[in-house]
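Notes follow once the structure below has been shown.
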Amino acid sequence: VALRELALRKTAEEVDEDLTEFIEDHDVDKTWGAQERVLVAITARPMGAKLIRRGYQLARRMNGRFWAVFVRAPGLSLSARGEAALQELFLLALDLGGEVVELSGADPAAELVTFAKANQVTFMVMGQSARSRLDEVVRGSIVNRIMRETRNIDIVVVSDAERSVRTDEPAGDV
């Protein structure tokens, strides 16, 4: 059984490599991976560890790979506590076998979509928005925008139990 599992994994890796080469050679813009690929969008919020664990579980169940992706706005500097929290999340992702990517851009949704398309992502794990309902109406929902701009990517929005309790607090970005 173990030998068969290894042979299947090796075959899937080879097929995925051949498929990636074909996609690049023929300029295909669809998600078409033989291996599941999970992108976990994180911020320095406390919920990041929950998101990383959920992405890891998805990738592990499907023998796929996962990335923990943080988008830093140009000129944004987190507090010392925020940077420490972000580094802890990066270490958690690495400990679970994931890859860590830090992107830079003023538009987090666009950066995540670009990364997802370039890496043939099949699942995207995101947290429930920290924005207030009014802020989502004014500035738009990042989750909804990503859903509109991607095809063939399943979006998993993980609920924030604490968010449902906090209704009067000002919110930050996703």
Side-chain angles (χ1 to χ4, degrees), residues 13 16-17 20 23-24 29 31-33 35-132 135-136 139-160 162-163 169-174:
E13 286 174 14
D16 200 45
E17 288 171 7
T20 301
I23 287 169
E24 289 171 0
D29 68 346
T31 301
W32 224 15
Q35 180 185 46
E36 299 296 341
R37 298 166 186 236
V38 180
L39 180 159
V40 181
I42 60 170
T43 64
R45 290 176 41 213
M47 189 177 172
K50 181 177 181 180
L51 296 175
I52 290 171
R53 286 187 181 94
R54 185 67 50 92
Y56 162 72
Q57 289 170 349
L58 272 170
R60 188 189 75 205
R61 272 189 223 128
M62 298 178 281
N63 293 321
R65 60 191 284 203
F66 81 99
W67 296 269
V69 179
F70 174 73
V71 180
R72 186 182 300 267
L76 173 72
S77 62
L78 298 173
S79 66
R81 199 166 114 196
E83 284 293 342
L86 187 60
Q87 292 307 311
E88 284 181 28
L89 293 175
F90 287 169
L91 288 174
L92 175 62
L94 292 170
D95 286 347
L96 294 174
E99 298 172 52
V100 172
V101 177
E102 186 170 327
L103 303 173
S104 179
D107 185 353
E111 294 298 324
L112 291 170
V113 168
T114 300
F115 181 87
K117 288 179 179 178
N119 290 282
Q120 295 291 303
V121 167
T122 55
F123 284 88
M124 190 177 299
V125 178
M126 304 175 71
Q128 179 179 349
S129 179
R131 292 180 174 179
S132 69
D135 196 30
E136 281 189 359
R139 294 174 51 195
S141 166
I142 291 175
V143 173
N144 287 339
R145 182 162 164 219
I146 289 172
M147 288 172 58
R148 278 193 311 274
E149 294 182 14
T150 58
R151 293 180 301 170
N152 304 318
I153 297 176
D154 293 329
I155 310 292
V156 178
V157 180
V158 179
S159 66
D160 183 357
E162 301 220 356
R163 173 78 175 127
E169 293 183 25
D173 279 356
V174 165

Worked verdict on M62 versus T122 for side chain to side chain contact (heavy atoms under 4.5 Å, CB included): CA-CA 11 Å; M62 298 178 281; T122 55; over 6 Å; no
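- Side chain of K117 to backbone of T150: no donor-acceptor contact under 3.5 angstrom is found.
- The minimum heavy-atom distance between G127 and V143, with the atom names listed, is O-CG2, 4.4 Å.
- Across all their heavy atoms, A44 and A85 have their closest contact at O-CB, 4.0 Å.
- Residues R145 and D107 are in side-chain contact: their nearest non-hydrogen atoms beyond the backbone lie under 4.5 Å apart.
- Considering all non-hydrogen atoms of both residues, V158 and K50 come closest at CG1-CE, 3.6 Å.
- Considering CZ of R45 and CG of L51, their distance stands at 8.0 Å, rounded to 0.5 Å.
- How far CG of D95 is from CZ of F90: 13.5 Å, rounded to the nearest 0.5 Å.
- Under the ring pair (Phe, Tyr, Trp, His ring centres under 6.0 Å) criterion, the residue pairs touching residues 95-124 are W67-F115, with sequence neighbours excluded.
- Closest of all the heavy-atom pairs between I153 and A116 is CD1-CB, 3.8 Å.
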Intermediate values then yes/no, side chain to side chain contact (heavy atoms under 4.5 Å, CB included), I52 and F66: CA-CA 9 Å; I52 290 171; F66 81 99; 4.2 Å; yes
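- Minimum heavy-atom separation, V100 to A93: CG2-CB, 4.0 Å.
- When each of V69, V125, L86 is checked for a side chain to side chain contact (heavy atoms under 4.5 Å, CB included) with I42, only L86 meets the rule.
- One finds the CG atom of L58 at 13.0 Å from the CE atom of M124 (value rounded to the nearest 0.5 Å).
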Residue pair M126, I155: steps toward the side chain to side chain contact (heavy atoms under 4.5 Å, CB included) verdict: CA-CA 7 Å; M126 304 175 71; I155 310 292; 4.3 Å; yes
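- In this structure, the side chains of R72 and L78 come closer than 4.5 Å at one or more pairs of heavy atoms.
- The two residues T43 and L89 have their closest heavy-atom pair at O-CD1, 3.2 Å.
- Taking 4.5 Å as the limit, every side-chain heavy atom of N119 sits out of range of all side-chain heavy atoms of E99.
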